[in-house]
Structure formats: C-alpha cells, structure tokens
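Heads up: the structure comes next, in structure tokens.
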Amino acid sequence: QVLLVESGGGLVQAGDSLRLSCTASGRTPSRLAMGWFRQAPGKEREIVAGINWSGSNAYYADSVKGRFTISRDNAKNTVYLQMNSLKPEDTAVYYCAAAKNPNYSTYAGWYDDWGKGTQVTVSS
C-alpha cells in the first residue's frame, strides 16, 4: 500500500497559479506511475494528468493541456502539479493516485491508492 498526502490547494482568482504536491510513502512509490484526478460537485472524477515512474512520459487532459504540468522528484517521493492560468472550471477536489505499475493510465481503476484530496477553488 502507498500512503498519499496532497497539499497546496486553496482559493485563488482566475488567471492565478497553484502548485499541488503529493508526498508518497510505503510500497516503493518511486517505481510506480502517478496520476492527478479531480472531481467537481455533481460530476464524475476525471483524470487531469499522469506520469510514468521515471518522469519521462506524461499525459494531460485536453482541458488542462498547456496550462498544467505534472512532474515528480523520486528522491523526495513527491509528485507535483503546477497549475497556471487557472479558470473557474478548474474548481474541484484534486486527488493524487498511485498506479499498480510503472506506466500511467487515464483509467481511474488503474490506480491502487488514493489520497484524501485537496480543494482548489478558482473565483472569476
């Protein structure tokens, strides 16, 4: 099992930036792909970005491409989500997730362990 703790959420204005962090501990997190998902009220959980174990490959949802960047520091067992040019539609609870293996997927069921989430609210 991998224990995940997110931080960095908050209330910002449209156009601002935030950086989310996810610190992992437990089952060799540095060898696992990681993902950031989000869930807005009344909507299904959706993938925002995914990154493979080494950080050499990443995926972004179309809605965040060019604005968000996922990265990882395996020495610190931490994954980041840099969010720029935030929009009100980015408002959601953001969750960090650890995959079952080194490669990411856009499918939530691919991920074994989840953090409790951090709230991001973007005002217009």
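For the numbers below, each heavy atom of this structure counts, side chains included, while hydrogens, waters and symmetry mates do not. Here the structure is a predicted model, which is why all the values come from computation and not from measurement.
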Side chain Asn74, main chain Asn77, donor-acceptor under 3.5 Å: no

Please check: side-chain N/O of Arg67 versus main-chain N/O of Gln82, any donor-acceptor pairing under 3.5 Å? no

Would you sort out whether Leu20 and Thr118 count as a side-chain contact (heavy atoms from CB on, under 4.5 Å), showing the intermediate values? CA-CA 8 Å; Leu20 305 183; Thr118 185; 4.0 Å; yes

Taking the side chain as C-beta and beyond, is there a heavy-atom pair between [X] and [Y] under 4.5 Å?
X      : Y      : value
Leu3   : Ser25  : yes
Tyr111 : Lys100 : no
Ile51  : Trp36  : no
Asn103 : Asn57  : no
Pro102 : Arg31  : no
Val48  : Phe68  : yes

Shortest non-hydrogen contact between [X] and [Y], atoms and distance:
X      : Y     : value
Ala92  : Ala40 : CB-N, 3.8 Å
Leu32  : Ala98 : CD1-CB, 4.5 Å
Ser85  : Ser17 : N-OG, 4.2 Å
Val120 : Gly9  : CG2-CA, 4.1 Å
Leu4   : Ala24 : CD2-CB, 3.5 Å
Ala58  : Ile70 : CB-CG2, 3.8 Å

What distance separates [X] [atom1] from [Y] [atom2], expressed to the nearest 0.5 Å?
X      : Y      : atom1 : atom2 : answer
Met34  : Asp113 : CE    : CG    : 9.0 Å
Ser123 : Leu86  : OG    : CG    : 10.5 Å
Ile47  : Ser63  : CD1   : OG    : 10.5 Å
Thr23  : Lys76  : OG1   : NZ    : 9.5 Å

side-chain contact (heavy atoms from CB on, under 4.5 Å), that's the test. Do Val2 and Asp112 meet it? Break it down for me. CA-CA 8 Å; Val2 179; Asp112 259 349; over 6 Å; no

Return yes if a side-chain donor-acceptor contact under 3.5 Å exists between [X] and [Y], otherwise no.
X     : Y     : value
Arg38 : Tyr94 : yes
Asp73 : Thr78 : no
Thr91 : Glu89 : no

Taking the six-membered ring of Tyr80, is NZ or CZ of Arg19 closer than 6.0 Å to its centre and within 45° of its axis? yes

When you measure from the centre of the six-membered ring of Trp114, is the NZ or CZ of Arg45 closer than 6.0 Å and no more than 45° off the axis? yes

Quick one: do Asn101 and Trp110 satisfy side-chain contact (heavy atoms from CB on, under 4.5 Å)? Show the steps, please. CA-CA 9 Å; Asn101 64 48; Trp110 186 256; 3.0 Å; yes

Do Lys87 and Asp90 sit within salt-bridge range, that is, some charged N less than 4.0 Å from a carboxylate O? no

SB check Lys116 Glu6 (cutoff 4.0 Å): no

Are Leu81 and Val12 connected into the same hydrophobic cluster when the rule is that any two of I, L, V, M, F, W, Y join if their side-chain heavy atoms are below 4.5 Å apart? yes

Are Val79 and Val64 connected in a single hydrophobic cluster, I mean Ile/Leu/Val/Met/Phe/Trp/Tyr linked by side-chain heavy atoms less than 4.5 Å apart? yes

How are the rings of Tyr59 and Tyr104 set relative to one another: parallel (under 30°), tilted (30 to 60°) or perpendicular (over 60°)? tilted

